[in-house]
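The structure under discussion is supplied below as C-alpha cells; questions concerning it will follow.
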Amino acid sequence: MEVQLISISLFMKCVQFAAHKHRDQRRKDPFETPYINHPVNVATILASEGNVKDEEIIMAALLHDTVEDTATTFEEIEELFGPVVCGIVREVTDDKTLEKQERKRLQIVHAATASHKAKLVKLADKLDNLRDLLVNTPKGWTLERKEEYFVWAKEVVDNLRGTNAVLEGKLDAIFKQKNLL
Ligand SMILES: Nc1nc2c(ncn2[C@@H]2O[C@H](COP(=O)(O)OP(=O)(O)O)[C@@H](OP(=O)(O)OP(=O)(O)O)[C@H]2O)c(=O)[nH]1
Ligand SMILES: [Mn+2]
C-alpha cells in the first residue's frame, strides 16, 4: 500500500465539507447536475488519471470552488484542513470582485507562475469542464460562447504545461479535436 499521510477521517470530512458547502448549487448543464459532481470529478481525475498520490492536492481539488462559489472562507479551510490545502485553494480561486474579462485574463497570467500543486488542480479542473462542454451546452450559452471557452481554456493550459504528461495529453487530444492544436 502507498504511504498514507492524511487520515481517512480527515479526508472524508473534506468530502463532506465540500458536499455541504455546494449543497444548494447546480452545474449549468441541461441536467442541472449537482455542483459537487464537478469537484469530485476533478479530484478523481487527479487520483485515477493523473496518478497524483498527495492527499493534500486531492483535498484541495475537492475544495477548489468552495471559496469562489459558496460562502466559504480561506480561514475555515485553513483551520479544518491546514495551510497547504488552503494555499492551493487560494491559488486557484478567482477574485469575484473583478470584472469577468479581467478574471479570465488573470487566470491565464496566474497559471504561468502557480505552484506545481495548484497547476495540477487547474489542469484537472479544465479537463473536467472541457469534457463536459464536448457533450453539453451550458444553459444560456450559444455555440460561439462554447467555442470561445475552448480557445480561452487552451491559453490557460498552455501556461500550465510541464506539470503532468497524462493530463496534458488528454487536454491536447481535446484541443486537437477542436482544431486548436
Ligand atoms: N463546462 C461547464 N462549466 C460549468 C458548468 N456549470 C458551471 N460551470 C462553470 O462555469 C465556468 C465557465 O463559465 P464562464 O461564464 O466562462 O465563467 P464564470 O461562471 O466564472 O462567469 C467554469 O469555471 P472556470 O472559471 O472555467 O473554472 P472554475 O471556476 O471551475 O475554476 C465552470 O466551472 C457546466 O455545467 N459545464
Ligand atoms: Mn472548477
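Atom set for the values below is all heavy atoms of this structure, side chains included, hydrogens, waters and symmetry mates excluded. Note that ligands are numbered from 1 as they come in the structure, with each ligand's atoms numbered from 1 the same way. One-based numbering along the sequence shown. It should be emphasised that the depicted structure is a prediction, and the values quoted were computed from it without experimental measurement.
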Please find the pair of heavy atoms, one from Lys176 and one from Leu181, that lie closest to each other, and give the distance.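 Reported closest heavy-atom pair: CG-O, 3.8 Å.
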Minimum non-hydrogen distance to atom 21 (O) of ligand 1, winning option of Lys122, Lys139, Lys146, Lys100: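 The option holding the nearest heavy atom is Lys100.
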Apply the side chain to side chain donor-acceptor pair (under 3.5 Å) test between Asp128 and each candidate in Asn41, Asn37, Thr44; give the one that qualifies.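 Between Asp128 and the candidates, side chain to side chain donor-acceptor pair (under 3.5 Å) is satisfied uniquely by Asn41.
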Among protein heavy atoms, which sits nearest to atom 13 (O) of ligand 1, and what does the distance come to when rounded to 0.1 Å?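 Here the nearest protein heavy atom works out to Lys28 NZ, 3.0 Å.
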Closest non-hydrogen protein atom to atom 29 (O) of ligand 1, residue and atom name please, with distance?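 Answer, as residue, atom name and distance: Glu68 OE2, 3.1 Å.
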Give a yes or no answer on whether the side chain of Asp95 reaches the backbone of Thr97 with a donor-acceptor pair at less than 3.5 Å.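 Indeed, once roles are kept as given, a pair shorter than 3.5 Å links the two residues.
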Does some non-hydrogen atom of His38 fall short of 4.0 Å from ligand 1?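 Yes, His38 has a heavy atom closer than 4.0 Å to ligand 1.
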Greater than 12 external heavy atoms within 6.0 Å of Gln16's CD: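 No, the 6.0 Å shell around CD holds no more than 12 heavy atoms from other groups.
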If hydrophobic clusters are built from ILVMFWY residues whose side chains come within less than 4.5 Å, do Ile8 and Val52 share one?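 Yes, it is one cluster - the side chains of Ile8 and Val52 are joined through contacts under 4.5 Å.
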Which protein non-hydrogen atom lies closest to atom 1 (N) of ligand 1, naming both residue and atom, and how far is it?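 For atom 1 (N) of ligand 1, the nearest protein heavy atom comes out as Asn129 O, 3.1 Å.
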Those atoms of ligand 1 less than 4.0 Å from some heavy atom in Gln107: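 Listed by number with element, the hits are 25 (O).
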Ionic contact status for Lys122 with Asp125, cut-off 4.0 Å: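 Yes, Asp125 and Lys122 are salt-bridged.
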Distance-only donor-acceptor check, side chains Thr66 and Lys21, under 3.5 Å: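 There is no such pair (donor and acceptor under 3.5 Å, judged by atom type) between the side chains of Thr66 and Lys21.
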Test of proximity, Trp152 against ligand 1: N or O pairs below 3.5 Å: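 So ligand 1 has no N or O lying under 3.5 Å from an N or O of Trp152.
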Just need the protein heavy atom nearest to atom 36 (N) of ligand 1, so name the residue and atom and give the distance.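 I find the closest protein heavy atom is Asp132 OD2, 2.5 Å.
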Does Lys126 come within less than 4.0 Å of ligand 1, judged by its heavy atoms?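 Right, Lys126 reaches ligand 1.
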Protein heavy-atom partner closest to atom 12 (C) of ligand 1 - residue, atom, separation in Å: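 Result for atom 12 (C) of ligand 1: Tyr149 CE1, 3.5 Å.
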Considering non-hydrogen atoms of the protein only, which is the closest contact for atom 4 (C) of ligand 1, and what is the distance?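 Ranked first by proximity to atom 4 (C) of ligand 1 is Arg27 NH2, 3.3 Å.
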Taking only heavy atoms of Lys104 into account, list the atoms of ligand 1 that are under 4.0 Å away from them.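 Checking each atom against Lys104, I get 14 (P), 16 (O), 17 (O), 25 (O).
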Distance to 0.1 Å, residue and atom name: give those for the protein heavy atom nearest to atom 28 (P) of ligand 1.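 In this structure, atom 28 (P) of ligand 1 has Asp125 OD2, 3.4 Å as its nearest protein heavy atom.
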Do Arg90's NZ or CZ and the ring of Phe74 fall within the cation-pi criteria of under 6.0 Å and 45°?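 Here Arg90 passes the 6.0 Å and 45° test against Phe74.
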Heavy atom of the protein closest to atom 20 (O) of ligand 1 (residue, atom name, distance):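 Protein heavy atom at minimum distance: Arg103 NH1, 3.0 Å.
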Do NZ/NE/NH1/NH2 and the carboxylate oxygens of Lys117 and Asp54 come within less than 4.0 Å?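 Here Lys117 pairs with Asp54 in a salt bridge, since their nearest N and O are under 4.0 Å apart.
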Minimum side-chain heavy-atom gap Ile174-Phe150 below 4.5 Å: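 Yes; the side chains approach each other to less than 4.5 Å.
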Mode of Asp65 contact toward ligand 1 - side chain, backbone, both, neither (heavy atoms, under 4.0 Å):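 Looking at Asp65 and ligand 1, just side chain atoms fall under 4.0 Å.
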Is the shortest heavy-atom distance from the side chain of Lys178 to the side chain of Leu134 under 4.5 Å?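 Yes, at least one pair of side-chain atoms sits under 4.5 Å.
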With a cut-off of 4.0 Å, which atoms of ligand 1 are near a heavy atom of Asp29?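 Here the atoms of ligand 1 in question are 35 (O).
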Among the protein atoms near the Mn ion (ligand 2), how many are N, O or S and lie under 2.8 Å away?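 Near the Mn ion (ligand 2), the number of protein N, O or S atoms below 2.8 Å is 4.
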Considering only heavy atoms of Arg145, which atoms of ligand 1 have at least one such atom less than 4.0 Å away?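 By the 4.0 Å cutoff, the relevant atoms are 14 (P), 15 (O).
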Would Val109 and Val121 show up in the same hydrophobic cluster when neighbours are defined by side-chain heavy atoms closer than 4.5 Å?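 No, Val109 does not connect to Val121 through the hydrophobic network.
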Under 3.5 Å, side chain of Gln25 to main-chain N/O of Asp69, donor-acceptor pair present?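 Between the backbone of Asp69 and the side chain of Gln25 there is a qualifying donor-acceptor contact (under 3.5 Å).
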Residues in side-chain contact (heavy atoms from CB on, under 4.5 Å) contact with Val15, at least two apart in sequence or another chain: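 Val15 satisfies side-chain contact (heavy atoms from CB on, under 4.5 Å) with Phe11, Met12, Leu62 only.
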Are any of the N or O atoms of Trp141 closer than 3.5 Å to those of ligand 1?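 Checking ligand 1 against Trp141, no N or O pair falls under 3.5 Å apart.
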Under 3.5 Å, is there a donor-acceptor pair between the Thr33 and Asp29 side chains?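 The criterion, which ignores hydrogens and geometry beyond distance, is satisfied for Asp29 and Thr33.
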Within ligand 1, which atoms have a heavy atom of Leu133 less than 4.0 Å away?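 Contacts of ligand 1 toward Leu133, numbered from 1: 1 (N).
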